[in-house]
Amino acid sequence: LEASSELIDGFCTVSQGVYESNIVVINSLADKVEEIFKDETQLFKMEGLSSVTLRLPAFNVPGAYYFLLKKIAWENININEIISTTNEITLVVSNEDIDRVFSLLMSFKKKK
């Protein structure tokens, strides 16, 4: 995105694989992204998505992703995209599933 004095508040992440790249943005940035990449081949576009981000401990917890993703899979919830950094993970799901995902995540917190 071109730098400007206008502050844009929102979610944007880019991941690059060997053969393709994924760009995940909030609705208000979608037109700008399409304009920037108008000369590129768009393979797929998904709309009607929501995300939830979890902050992870600064130390590595073996099996943390497995435990989290297993519970979501058991609830038959499809994860459209997983975005992770060293200390956070973002799960992108359909709008219809976000409440169930959030409830599941909150149930983990209650079990502490």
Measure the spacing between [atom1] of [X] and [atom2] of [Y] and express it to the nearest 0.5 Å.
| X | Y | atom1 | atom2 | result |
| --- | --- | --- | --- | --- |
| Y65 | L54 | OH | CG | 9.0 Å |
| I72 | F67 | CD1 | CZ | 10.5 Å |
| M46 | N80 | CE | CG | 3.5 Å |
| I89 | I83 | CD1 | CD1 | 9.5 Å |

Quick check: is Y66 connected to I77 through a chain of hydrophobic side chains (ILVMFWY, heavy atoms under 4.5 Å apart)?
no
Donor-acceptor pairs under 3.5 Å, side chain of residues 90-105 to any protein atom, not counting sequence neighbours: which ones?
| unit_1 | atom_1 | unit_2 | atom_2 | d |
| --- | --- | --- | --- | --- |
| T90 | OG1 | T53 | OG1 | 2.7 |
| S94 | OG | E96 | OE1 | 3.4 |
| S94 | OG | D97 | OD2 | 3.1 |
| N95 | OD1 | L49 | N | 3.4 |
| N95 | OD1 | S50 | N | 3.4 |
| N95 | OD1 | S50 | OG | 2.6 |
| N95 | ND2 | G48 | O | 3.4 |
| D97 | OD1 | R100 | NH2 | 3.2 |
| R100 | NH1 | E75 | O | 3.1 |
| S103 | OG | D99 | O | 3.0 |

Using the salt bridge (charged side-chain N to carboxylate O under 4.0 Å, His left out) criterion, which residues pair with K45? Sequence neighbours excluded.
E34, E47
Going by salt bridge (charged side-chain N to carboxylate O under 4.0 Å, His left out), name the residues that satisfy it together with E40, two or more places apart in sequence or in a different chain.
none
Can you tell me if CG on N27 sees more than 12 non-hydrogen neighbours from other groups inside 6.0 Å?
no
Find out whether D31 and E35 are in side-chain contact, i.e. whether some heavy atom of one side chain is under 4.5 Å from a heavy atom of the other.
no
Exercise answer: donor-acceptor pairs, residues 12-25 side-chain atoms, under 3.5 Å, sequence neighbours excluded:
| unit_1 | atom_1 | unit_2 | atom_2 | d |
| --- | --- | --- | --- | --- |
| N22 | ND2 | E81 | OE1 | 3.3 |
| N22 | ND2 | E81 | OE2 | 3.3 |

Not counting sequence neighbours, which residues clear side chain to side chain contact (heavy atoms under 4.5 Å, CB included) with P57? List them please.
F59, V61
